[in-house]
Amino acid sequence: MRIRITVNGRDLDVEASAGETLVEVLRRLGFKSVKDGCYTGTCGGCTVLLDGRPVASCIMLAAQADGSSITTLEGLARDGRLHPVQEAFLEVNAPQCGFCSPGMILTAVALLRRNPDPTREEIREALAGNTCRCSGYVKIVEAVSLAAEKMRGRAGDEA
Amino acid sequence: MKHEGVTVMAGADFRVVSKRLPKVDGRSIVLGEARYTKDFAGEDALFAKIVRSPHAHARLKKIDRTEALAVPGVELVLTHEDVPRIPFTTAGQNYPEPSPYDTFMLDSKVRFVGDRVAVVVARDRLTAERAARLVRVEYEILPAVYDPEAAMREGAPVIHDEPDATGIHEASRNIAASIYAEVGDVDAELGKADFVFEHTYFSQYEQQVPMEPHVTYAYLDESGRLVIITATQVPFHVRRIVARVNDVPISRVRVIKPRIGGAFGVKQEVILEDLCGHIALRTGKPVLMELSREEEFYGTRPRHPMKLTCRTGVMKDGTITANEMRVIANTGSYGSHGLTVPSNTGSKSLPLYRARAMRYVAEAVYTNLPVAGAFRGYGAPQGYFAMECHMDEVAREMGMDPLEFKRRNLVRAGDVDPIAVKLGEGKEGFEREIRTCGIEECIRLAGGAVGGKEPPGAGSGAGPFTRTRRGVGFALCMHGTGIPGDDMAGATVKVNEDGSFNLLIGATDLGTGSDTILGQMAAEVLGVSLDDVVVYSSDTDFTPFDVGAYASSTTYVSGTAVVRAAEKVREKLRLVAADLAGVAAESLVFEGGKFRTPDGRSLDIRDVALKSFYGESKQQISETASFLNLDCPPPFGACFAEVEVDLDTGMVRVTDIASAVDVGRAINPDLVEGQIVGSVAMGIGYALTEEMLFSAEGRMLNASLLDYKIASSLDLPDIKAFIVETVEPSGPFGVKSVGEVGMDPIAPAIANAVFNATGVRLRELPMTPERVLAALREAGL
Ligand code: FES
Ligand code: FES
C-alpha cells in the first residue's frame, strides 16, 4: 500500500507492505539513526517523534503513520547547527556506544518542549522507556538538565 | 561545568590528556550519522537465519529441507553435511586459544536449547524466518544435565563425546577445564589459625544485553576477497578464526568493526562471523546475519554461573593466615573461555588480602545450558561477590568491624602479588608487583559519600514500627590491566602536510571512547590538539594488529603503542626541524607543538610537517610501533551502598551508591566516569534483578527485555563516581584501567548492606524479592 508521511520536513509517498512496521520503513528510506534493538517496544531505540510525540516505531505499523509528520534524529539539527539537546549530549559526553542516543535525544526534545524546566526526577520519568546499557543514566540526565538550561537561556535572550 | 559527586585529583600539566574533551565520534552520534554494522547492508543483502534446537541434548537423525527450499526467495539451506568440520573455539583469544576446540560451524549433535541446527539463507529476513520453520528435523533425544555437580557424576550424559574435539580436560566427566594453584602451604596455615571460616556462595547466568544485538554483514569485494563488517571486540581474532574454519588464507579476509552498540564481553566471540563468512564465500553474495533480541539472550555467551566456597584461617588479632577459594563454574554446552574465566575469578580476587598461603581450585563443567563466556569482569565479579561477602561475614563472626578487619589484611603498594605467577591466562603467569595502590583514597571518597551517613557495620534497622529497614554495606576490589605475555597492540602515526596526523590503531572502540583517549595520547605527544589527530581503528586491512578490546587492556596496552609511535614520529620531525634550523637535533627543545633552537628561534610542528613533504629532503614520515604487555598493574576500587529492604515484599532498593576507582591516570575523566557509573548500573542489575531462568527442559524462560530486567532510568539512584588518580610508572601517562574493575564490588556491597539492614545474609545472586523474602521469613522477620 502507499502511505504519505512527512519525515524531517520532507513529504514522502512510500510503498509499505501490510505488516511492515514504521521502523522498517524509516530504515529502508535511509533514516538509519532509527535503531531496532528489540521489536517489542521495550528498548526505546526506535523512538521517533510522531507529530511531536515520542513513539516506539517498532510496535507501530507504517500504515498507522499515514498522514503524520515524523522527526528522526537526522532531522533535528538546523543547517548544521545542533539542537541544544544534541549540544548538551556532546558536551557532557553522554553517549557511550550511542545506540540509545537517537531515541534518548528525541525523547528529551519532546520532554523539554512540554516542560522547559524539569526536575531530575521528571527527566528520569520521561526517559524511562529508553534503555541504556552503557551509561547508568547519570550523564544523560545531566545532559538533559544542561539542555534545558541552554534552551531557557536562549529563550530569555530572544525575549 | 558542574560534576556532582566527582573528584579528580590534580594531575600534571597536560594540554590534551586529563581533559574532559568531547568524544571524537560524539558529533556523528548526536547527529544520527553514526553507522553501525547493519546500516552498511544494502537492500540486496541476503538474510541468513539460524534454525535452532528445541532440545537440550539430541542427535540430528534426519534433516529434510525440501519444504524450506520450496519457499520462493530461499537460496540455500545448510546443515552439518554441507560445511567444513573443523573443531574450533568461538572465544576471541590469542592463538592458540586456551579454550577447548569443542565447537563446529554446524554439528550433527545439539547440546542446548537454541544450539545451531541449520541455517536458512533467503532474499530477506521474513522469508528466511518463514523457511526456517519449515526445515524438518528428526531428533534422537538424549538425556540432558543442567547442574554442574550432577554433570561430573558417574553415569551423567557425556556432552562432548565427539572424537575430534581437543583441549577438553576430561570429556567423560564433562569437565572442560580444571585449575589448581597454591602458594605456601594452605593446610598447614589453616591448622595454625585460631579460627577457620568457610562460606559458600552462588551466582547466576547473567546476560550482557548490549543494546545492539549481534550482527554481521559479509560480502566479497571486487577482487573476490571476503569482507566482514561486524559488531565485534576482536576484529583480528575474528579474521584468523573465520579464515581457519573456512580453510581460506588470512590474506583473503578483511574484517572491519564499525561503531558498535555495546559489547561488555559478549562480542569477544565469534557468534555469527564463521557462518556469515561461509555463506558469502559460498554464494558470492552479500549476506546479513542478525540475532533477534530473544536469540541474543540464549544464543550468545552470558556470564558463568558459579558455586564458590571461601575458606579462611584467621588469628585472634584479625590477621589472615591462609585464604582458599574453590569454584565450580558452569560453562554451559561449550567451553568457550571455560578455563580462563574461572582462572581469573581466583587471580583477581585472592590477592586483595595478604596471606601466607593461598589456594585456588576450580572446575569448569559442561551442562546442557547456553554457552557461558566473557562478561565485564571476566569471572572476577563472581569471585568478589564471594570474597567480599565472606570477609564481611568473617569480620562479624569475629566481632570486628569489617572495614578494620579488611584494612588489617589489605594488599599494599610494594607487595608482590603471590598468586599471579601460578595463575596466568590458562597457563603459568607473570610476576606482578603492586607499584601503586589508591584503595585508601577510594574508601575515603566512596565511604564519605554514602557510608558517612551511618558508619558501616554499625547496624541500622529503621526501628520496630516500620516495615522497611535501611543499611549500608561496602566492598573493596582490585582488578588487572591486560593479560601479561598475551596482549600486543600496534599503532601507526602518519604525518600530513598541515601538521595533522592519522592515527591508525587496531584497538577496538566499543563505545568506551578508546578512539578518543588514544587520540588524546597521540595529540599530547605530538603537541597538537585532538582535532589534529584523525583516528581510524579496527580494520584489519588498514590498521596494525591489536588483540582487541578485552581484559581492560586498551588504554594501557594500545595506549603504550600509540605513545611509542607518536614519539617516533616526533623524533623524525625533530630531524627535519634540525635540518631546517641548521642546528643539531639534540639541541632542539620540543614544547607546546614547537621545536625551539638554543638561540631562541621556534619552528611550529605544522611548518615542519609541511617542509617534510616539500622541503629538500622529501619524505613520508609514518611510524608504526607495537607493545607487548608483560605486566598487569591492578586498579583498585571501593563501593559503598545504602539499601532499603521492604520486609513485607523482600524488595531491595538501592537508595544511594558511590563507587571510587583508582584508575592510574584518567585520560578523559568524562569517559572514565562513564565506565565507573555504567559498571555500577550493571552491578546493581547483577545484584538484584538479572538472571536467565530455565525450564526443567533447559529452555530459557525470560528471553525478552520485559522478563529479563535491566535497569531503566527510574530504577537507579544518582550513582556517584569518584576517580582516584595514582600514577602507575609502567603505564602511558600513568594509566592503569577502568573498564571492568567497577563491576567487581557492587553485588557484595549491596549484599553486605542488606545484611547490615536486616541481619539476614543472602549468599545467592540475584537478591530478588522472592529470595530475600524467603531469607527474611526464615530469620523470623
Ligand atoms: S526496537 Fe522498538 S522499542 Fe526496541
Ligand atoms: S550509550 Fe550504549 S546503550 Fe546508551
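Basis for what follows: all heavy atoms, side chains included, without hydrogens, waters or symmetry-related copies. Every chain is numbered from 1, with letters handed out A, B, ... down the list of sequences.
- Across all their heavy atoms, S33(A) and G32(B) have their closest contact at CB-O, 3.5 Å.
- A 4.5 Å side-chain heavy-atom check between V138(A) and E673(B) finds every atom pair outside the cut-off.
- At distances below 3.5 Å, at least one donor-acceptor pair connects side-chain atoms of K23(B) with backbone N or O atoms of Q96(A).
- When all heavy atoms of F99(A) and Y36(B) are compared, the closest pair comes out as N-OH, 3.3 Å.
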task = Take N93(A) and T516(B) through the side chain to side chain contact (heavy atoms under 4.5 Å, CB included) test and state the conclusion after the steps.
result = CA-CA 11 Å; N93(A) 274 317; T516(B) 303; over 6 Å; no

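- Residues V209(B) and T131(A) fail the side-chain proximity criterion, which asks for heavy atoms closer than 4.5 Å.
- No side-chain heavy atom of T40(A) sits under 4.5 Å from any side-chain heavy atom of L706(B).
- Contact count against chain A (heavy-atom pairs under 4.5 Å) is highest for M211(B) among R35(B), R293(B), E290(B), M211(B).
- For the set G261(B), A681(B), G26(B), the count of heavy-atom pairs under 4.5 angstrom toward chain A peaks at G261(B).
- The choice from G513(B), A711(B), A34(B) that makes the most heavy-atom pairs within less than 4.5 Å of chain A is A711(B).
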Side chain to side chain contact (heavy atoms under 4.5 Å, CB included) between E87(A) and V30(B), worked out = CA-CA 8 Å; E87(A) 272 176 21; V30(B) 303; over 6 Å; no

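- When all heavy atoms of F264(B) and C134(A) are compared, the pair lying nearest together is CZ-SG, 3.7 Å.
- Interface residue K32(A): backbone and side-chain heavy atoms are both found under 4.5 Å from chain B.
- A 4.5 Å side-chain heavy-atom check between K139(A) and D670(B) finds at least one atom pair inside the cut-off.
- Comparing D39(B), I29(B), D25(B) by heavy-atom pairs within less than 4.5 Å of chain A, the highest count is held by D39(B).
- V677(B) touches chain A through backbone and side chain together, each having a heavy atom under 4.5 Å away.
- Note that the OH atom of Y137(A) and the CG atom of L714(B) stand 9.0 Å from one another [nearest 0.5 Å].
- The pair R133(A)-E296(B) does not count as a salt bridge, with every side-chain nitrogen at least 4.0 angstrom from each carboxylate oxygen.
- Contact of L510(B) with chain A is made through the backbone alone, with heavy-atom distances under 4.5 Å.
- Here the CD atom belonging to E24(A) is positioned 6.5 Å from the CG atom belonging to L126(B), to the nearest 0.5 angstrom.
- Both the backbone and the side chain of P95(A) have a heavy atom closer than 4.5 Å to some heavy atom of chain B.
- With chain A as the partner, the residue from I260(B), T512(B), V680(B) showing the most heavy-atom pairs under 4.5 Å is I260(B).
- When heavy atoms are compared at a cutoff of 4.5 Å, I676(B) does not approach chain A at all.
- For P213(B), the part lying near chain A is the side chain, with the backbone staying farther off; criterion is any non-hydrogen pair under 4.5 Å.
- Of residues 56-83 of chain A, those residues with a non-hydrogen atom less than 4.5 Å from any non-hydrogen atom of chain B are, in numerical order, L73(A), E74(A), A77(A), G80(A), L82(A).
- Here the closest non-hydrogen pair linking L705(B) and C43(A) is CD1-CB, 3.8 Å.
- Looking only at side-chain heavy atoms (C-beta outward), R120(A) and D718(B) come within less than 4.5 Å of each other.
- In this structure, the separation between SG on C97(A) and CZ on R259(B) is 7.0 Å, given to the nearest 0.5 Å.
- Heavy-atom pairs under 4.5 Å with chain A were tallied for Q208(B), E33(B), E294(B); the largest tally goes to Q208(B).
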